[in-house]
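A quick write-up on the structure given underneath.
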Amino acid sequence: MWYAAAFQEKLPIAGGHFNFLPSWWYENYGIEHDRVVLDPNYRVKAWMAMEKAMHDRFGEARLGNPDPRPCAPPANWGNALIPAVAGCDVVLTKDQYPANRHLDEERIGGLSPPEQIENIYPYSETIRQAGYLNRKYGTDVKPTFGIRGELNDSLLIRGSEHLGDLIVDTRRARHLMDYCHQLYLRQMEWDHGVAPGGAVMIFHCANIMIGPRTYSEAILDYDVDTRRKVSELGMVFHIHNCGRAHEYIESYRKLGPVESLDIGTDSDLRQVMEAFPDSKVSYIINARWLKSAALSEIADGMKAIFERASGHLNRLFFNVADIESGTPDENLCQFYQCCRTAA
């Protein structure tokens, strides 16, 4: 995700945003995502066009900007960042996020994290582009790099064989996850150096493939060390689990204070909110449901969500991610109207 149309109006909930897939932008406005990543000048024009499109299309919801000015959004390699650093071939297309091909076993065995990430592609290219745009527009946007999670990136680099390694070849599994973790620590040092006090979100998208027990046995120690680094650098800590986040409450409590949790629609919303009373909870809305549901179904579904979050609406945020082409505008407007009248 590199662009999200944030809810700008003060609402009964903590807020939210709409995030549309690159295919939606390409099919509706001809915005080419490969150029968004590689061409900084094109990215600025695309950003401005997206801001204007959101305002024109969803003005009632007060999205976007009617008169956007040039800015300097940094390149976002998404899930392909760490695989690219590892040497995977990256595939860029007009209507998809960056993807990668797997690395062969021999090259994986020889992976060693660089001491200085700023000299390694695509970190170096992202930093170069940010400097170019800052000079051009007189801005001071800092190029920082999010972390995706040891399991997520290991699966992207090696493929599904990594799941087997977790059971039958733990040494090989550990080597790859150690590599990813060391890169994350270096990224955090870099981020802190250019933008002190930033945020770190750990992603547990692939946890659905292993479950809470294997997570606790094979992954949790990495997150504990990441949390240690977050505290050391004075950063803010977030967790993303787009599966059944409530099943990980016991483990997550071992990570200390959490600014926010990003949780999937299969999560027990009330259980998570009560387990973390000081954290904002970002509820991920199923974009395919939003695409196909009738307006009355959206109203009923949102009412049920608000009932589960009763007493905690001020901490409830909505992450409407991966909106597909063909999603009716009126469905999105209905969703937003429900947020306006949440009670």
Side-chain angles (χ1 to χ4, degrees), residues 1 3-19 58 61-63 146-147 149 197-205 207-208 212 215 220 223-224 226-227 230-231 234-287 289-290 293 298-323 332-343:
M1 179 193 305
Y3 175 85
F7 300 172
Q8 301 177 48
E9 186 178 9
K10 184 174 176 56
L11 300 169
I13 60 172
H17 63 233
F18 289 148
N19 163 248
F58 301 106
R62 300 184 187 178
L63 301 180
I147 66 177
V200 170
M201 174 175 277
I202 55 173
F203 283 79
H204 291 157
C205 309
N207 278 20
I208 193 171
Y215 164 75
L220 179 58
D223 291 341
V224 169
T226 297
R227 187 65 178 88
V230 166
S231 297
M235 304 177 84
V236 181
F237 186 62
H238 306 263
I239 297 174
H240 170 99
N241 185 324
C242 46
R244 296 169 61 83
H246 62 280
E247 296 180 350
Y248 297 82
I249 287 174
E250 182 179 348
S251 292
Y252 289 167
R253 280 177 168 155
K254 297 176 182 178
L255 300 176
V258 181
E259 181 72 15
S260 74
L261 297 99
D262 216 17
I263 68 172
T265 50
D266 289 333
S267 301
D268 186 320
L269 176 60
R270 174 160 290 276
Q271 188 177 351
V272 173
M273 299 196 91
E274 291 180 348
F276 297 92
D278 298 320
S279 304
K280 182 169 70 176
V281 175
S282 176
Y283 194 64
I284 303 170
I285 296 296
N286 186 320
W289 168 74
L290 201 56
I298 294 173
D300 291 342
M302 295 298 289
K303 181 181 179 181
I305 293 172
F306 296 138
E307 288 176 352
R308 293 199 296 274
S310 177
H312 306 280
L313 291 182
N314 64 315
R315 296 191 290 117
L316 178 64
F317 185 96
F318 284 118
N319 177 0
V320 189
D322 297 338
I323 298 171
L332 298 177
C333 291
Q334 171 77 329
F335 175 89
Y336 188 83
Q337 185 60 33
C338 290
C339 292
R340 274 180 169 163
T341 57

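The basis for the numbers below is simple: all heavy atoms, side chains too, and nothing from hydrogens, waters or symmetry mates.
Heavy atoms only, all atoms of each residue included: Phe237 and Pro257 are closest at CD2-O, 3.8 Å. Shortest non-hydrogen contact noted between Cys339 and Pro12 is O-CD, 3.3 Å. Pairing each heavy atom of Phe306 with each of Cys338, the nearest pair is CE1-O, 3.4 Å. Minimum heavy-atom separation, Ser282 to Asn319: OG-CB, 3.4 Å. Between Val281 and Leu269, the shortest heavy-atom contact is CG1-CD1, 3.8 Å. Nearest heavy atom pair, residue His246 against residue Asp266, reads CE1-O, 3.6 Å.
Here the side chains of His312 and Glu274 are in contact, with some heavy-atom distance below 4.5 Å. Contact annotation: the side chain of Glu247 never approaches that of Asn241 to less than 4.5 Å [non-hydrogen atoms, C-beta and beyond]. Side-chain contact between Leu220 and Leu255 is present, with heavy atoms from C-beta onward closer than 4.5 Å.
Note that CZ of Phe18 is 5.5 Å distant from CD1 of Ile323, once rounded to the nearest 0.5 Å. Within the model, atoms CD1 of Ile298 and OH of Tyr336 stand 15.5 Å from one another, a figure rounded to the nearest 0.5 Å. Atom CD1 of Ile208 and atom CZ of Arg244 lie 8.5 Å apart (nearest 0.5 Å). Expressed to the nearest 0.5 Å, how far CD1 of Ile284 lies from CG of Leu261 amounts to 10.5 Å. If you take CG on Asp268 and CD1 on Ile249, they are separated by 7.5 Å, rounding to the nearest 0.5 Å. In this structure, CE on Met302 lies 9.5 Å from CD on Gln334, to the nearest 0.5 angstrom.
Residues passing the side chain to side chain contact (heavy atoms under 4.5 Å, CB included) test with Asp322 are Asn19, Leu21, Tyr97, sequence neighbours excluded.
One N or O on the side chain of Tyr283 and one on the backbone of Thr265 form a donor-acceptor pair closer than 3.5 Å. Judged by distance alone, the side chain of Ser260 and the main-chain N or O of Ile239 form no donor-acceptor pair under 3.5 Å. Proximity of a side-chain donor or acceptor of Arg308 to a complementary backbone N or O of Arg270 within less than 3.5 Å is not detected. Judged purely by atom type and a 3.5 angstrom limit, Arg315 has no side-chain atom pairing as donor or acceptor with the backbone of Ala14. Between the side chain of Arg62 and the backbone N or O of Gln8, no donor-acceptor pair lies under 3.5 Å. A distance-only check finds a donor-acceptor pair linking the side chain of Tyr248 to the backbone of Asn207 [under 3.5 Å].
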Exercise for review: Run the numbers on Asp223 and Lys254 for side-chain contact (heavy atoms from CB on, under 4.5 Å), then give the verdict.
Suggested key: CA-CA 9 Å; Asp223 291 341; Lys254 297 176 182 178; over 6 Å; no

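Residues Phe318 and Phe335 bring their aromatic ring centres within 6.0 Å.
Remark: the Asp262 side chain and the His240 side chain contain an N/O donor-acceptor pair separated by less than 3.5 Å.
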